[in-house]
Amino acid sequence: MPEIAPTIASINVRAVTVPMTPHKTASGVVSESPLVLIDITDSEGTVGHGLLFTYTAAALKPVAEFVSNLAPLLNGQSSAPQSMSDTLSAKFRLLGTQGLVGMALAGIDMALWDLHARRNDQSLLQVLGVNAKPIPCYGGVGYDGEVGSAKCAEAWAKMGMRGVKAKIGYPTVTEDLAVIRAMRSAIGDDLSIMVDYNQSLTPVEAIARIREFDDENLVWVEEPTLAHDYAGHALIRSQVRTPVQCGENWWGPLDMQHAIDHEASDYMMPDAMKIGGVTGWMRAAALAKTRGIRLSSHLWPEISAQLLCATPTAHWLEYVDWWNPIIAEPLRIKDGYADLDGVIGSGLDWNAQSVRELMS
């Protein structure tokens with residue numbers, strides 16, 4: 001007889017704001033992390049955790065309230081993650097499953113997968129039926145100018161990271177190049193360098209600038225133009241030699257399918273929340289496998305490290321420590337690779353004291 005998942009007994013939602021060192025980009029500054037913490041308890045008393053990042057404080061309470069409002073659709077229903085994901089997606093088909101709705105559904109999906117793993121005292125890896133594998137990590141460098149970017153890149157290198165990624169999009173390409181070369185001088189030739197324009201250029205501007213980078217040995221140039229301008233990214237990709245990377249702002253596997261159809265990106269990097277949680281990620285990974293497209297992650301290091309192990313075309317893990325204050329055991333990095341030894345569930349356990357202090 002197949003195992004029947006216990007039902008959902010309750011859902012608890014909390015909003016917290018985690019202070020952080022301001023992270024500058026060409027499109028704005030991230031100065032704090034507004035987070036929604038989701039705890040789903042099943043009929044056997046097991047609790048699973050999900051985490052949402054709302055980017056702006058203005059969205060924090062609306063997202064938390066929306067997740068709470070889903071309780072009548074959840075309570076008493078099966079806690080099987082994929083079934084619930086499909087059920088909720090169908091419920092919101094007319095409203096749409098992007099934006100705040102998509103965030104809420106992804107958070108519930110993450111919590112249910114974590115619940116499923118914890119019920120069996122396993123890691124997410126184990127319930128997905130895969131083994132751990134080496135996932136190289138890179139650290140993020142902000143829009144910090146030539147000197148600041150080099151100093152930050154050097155600090156990541158000393159921590160053992162395998163690569164660094166800098167925000168660029170300065171007033172001139174000369175300044176962009178100066179940042180890239182300053183980082184290369186600081187970290188040497190053995191570490192990888194990526195750059196991110198954060199959607200700040202037109203396709204024509206992007207082509208002109210990226211051509212100047214084609215001899216800089218960059219792993220990729222990320223989101224040079226608007227995230228959903230698939231045709232624009234395809235044009236850029238056809239005119240430059242440096243690989244193009246996109247994906248962190250796609251909502252669900254269908255957006256990724258549109259990008260694949262347009263041949264818009266050499267590499268792709270789903271965001272665990274925007275792609276639809278664990279269920280959405282696994283469907284995206286299956287799409288990538290059919291085309292041999294390398295997948296990296298965006299944020300969510302704890303859960304993304306495990307999802308990449310379950311991704312046949314896994315590439316890089318983006319490591320950030322923004323949310324470490326509210327996580328009991330943040331992801332460990334060993335020799336520049338994610339260390340998943342002993343992890344239970346998705347790796348999200350709350351630091352109860354910090355959560356109490358930071359609740360909004």
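Heads up: numbering here begins at 1 and tracks the sequence. Quick note: numbers below take in every heavy atom, side chains included, and nothing from hydrogens, waters or symmetry partners.
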**OP:** For side-chain contact (heavy atoms from CB on, under 4.5 Å), just list the numbers for R93 and T97, CA-CA rounded to whole Å, side-chain angles, deciding distance to a tenth of an Å, and then say yes or no.
**Re:** CA-CA 7 Å; R93 190 167 291 134; T97 55; over 6 Å; no
Sole residue of [options] in side-chain contact (heavy atoms from CB on, under 4.5 Å) with [X]:
{"X": "D39", "options": "L348, L115, N12", "answer": "N12"}
{"X": "V195", "options": "V221, T242, V179", "answer": "V221"}
{"X": "I40", "options": "V47, I108, V13", "answer": "I108"}

Give every donor-acceptor pair under 3.5 Å between a side-chain atom in residues 123-147 and any protein atom, sequence neighbours left out.
from	atom 1	to	atom 2	distance (Å)
S123	OG	L125	N	3.4
S123	OG	Q126	N	3.2
S123	OG	Q126	OE1	3.4
Q126	OE1	S123	N	2.8
K133	NZ	T311	O	2.8
Y138	OH	K165	NZ	3.2
Y138	OH	E318	OE2	3.3
Y143	OH	G169	O	3.1
D144	OD2	G142	N	3.3

**OP:** Would you sort out whether R118 and D349 count as a salt bridge (Lys or Arg N to Asp or Glu O under 4.0 Å), showing the intermediate values?
**Re:** CA-CA 11 Å; R118 290 177 187 279; D349 274 308; 3.4 Å; yes
So do the side chains of [X] and [Y] get within less than 4.5 Å of each other, counting heavy atoms only?
{"X": "L73", "Y": "L88", "value": "yes"}
{"X": "L70", "Y": "F92", "value": "yes"}
{"X": "R14", "Y": "V36", "value": "no"}
{"X": "M103", "Y": "F53", "value": "no"}
{"X": "I193", "Y": "N217", "value": "no"}
{"X": "I8", "Y": "L112", "value": "yes"}
{"X": "L35", "Y": "S33", "value": "yes"}

Salt-bridge test for [X] and [Y]: reply yes if a basic N is under 4.0 Å from a carboxylate O, no otherwise.
{"X": "K334", "Y": "D339", "value": "no"}
{"X": "K274", "Y": "E248", "value": "no"}
{"X": "D86", "Y": "R283", "value": "yes"}

How about [X]: does its [atom1] atom have over 12 heavy atoms from other parts shown lying under 6.0 Å from it?
{"X": "E357", "atom1": "CD", "answer": "yes"}
{"X": "Q353", "atom1": "CD", "answer": "no"}
{"X": "E329", "atom1": "CD", "answer": "no"}

Shortest non-hydrogen contact from [X] to [Y]?
{"X": "A5", "Y": "A80", "value": "CB-N, 3.8 Å"}
{"X": "M110", "Y": "L51", "value": "SD-O, 3.7 Å"}
{"X": "I293", "Y": "T313", "value": "O-OG1, 2.7 Å"}
{"X": "H49", "Y": "D114", "value": "N-OD2, 2.7 Å"}
{"X": "A227", "Y": "W250", "value": "O-NE1, 3.4 Å"}
{"X": "E212", "Y": "A208", "value": "CG-O, 3.6 Å"}

Subject >> Worked check of side-chain hydrogen bond (donor to acceptor under 3.5 Å, both in side chains) between S68 and E65 >> reply: CA-CA 5 Å; S68 294; E65 184 175 353; over 6 Å; no
Examine [X] and [Y] and state if one hydrophobic cluster contains both, with Ile, Leu, Val, Met, Phe, Trp and Tyr joined whenever side-chain heavy atoms are less than 4.5 Å apart.
{"X": "L287", "Y": "L307", "result": "no"}
{"X": "V101", "Y": "M84", "result": "yes"}
{"X": "M161", "Y": "M194", "result": "no"}

Short side-chain donor-acceptor distance under 3.5 Å, [Y] and [X]:
{"X": "Y230", "Y": "D261", "value": "no"}
{"X": "W220", "Y": "D196", "value": "no"}
{"X": "S79", "Y": "D42", "value": "no"}
{"X": "N249", "Y": "E223", "value": "yes"}
{"X": "S297", "Y": "W281", "value": "no"}

Original post:
Any idea how W156 and Y319 line up, ring-wise: parallel (<30°), tilted (30 to 60°), or perpendicular (>60°)?
Top reply: perpendicular
Original post:
Looking at residues at least two apart in the chain, or sitting in another chain, which of them share a ring-ring contact (aromatic ring centres under 6.0 Å, His included) with W300?
Top reply: W323
**OP:** Using the side-chain contact (heavy atoms from CB on, under 4.5 Å) rule, take I275 and D271 through it: C-alpha gap first, then chi angles, then the decisive distance, then the call.
**Re:** CA-CA 6 Å; I275 203 66; D271 175 287; 5.8 Å; no
Hey, is the main chain of [Y] close enough, under 3.5 Å, to the side chain of [X] for a donor-acceptor pair?
{"X": "D229", "Y": "T225", "answer": "no"}
{"X": "S354", "Y": "N351", "answer": "no"}
{"X": "R332", "Y": "D341", "answer": "yes"}
{"X": "H262", "Y": "H258", "answer": "yes"}

Subject >> Euclidean distance, H315 NE2 relative to Q245 CD, rounded to 0.5 Å >> reply: 8.0 Å
**OP:** Go through R162 and D335 one step at a time and tell me if the salt bridge (Lys or Arg N to Asp or Glu O under 4.0 Å) criterion holds.
**Re:** CA-CA 8 Å; R162 299 286 164 168; D335 299 325; 5.8 Å; no
**OP:** Could you walk me through whether M269 and W316 pass side-chain contact (heavy atoms from CB on, under 4.5 Å), step by step?
**Re:** CA-CA 9 Å; M269 56 182 311; W316 285 88; over 6 Å; no
Original post:
What's the verdict on side-chain hydrogen bond (donor to acceptor under 3.5 Å, both in side chains) for W322 and T21, showing C-alpha distance, side-chain angles and the deciding distance?
Top reply: CA-CA 8 Å; W322 299 354; T21 301; over 6 Å; no
Subject >> side-chain contact (heavy atoms from CB on, under 4.5 Å) evaluation trace for W113 with D109 >> reply: CA-CA 6 Å; W113 275 103; D109 184 82; 3.3 Å; yes
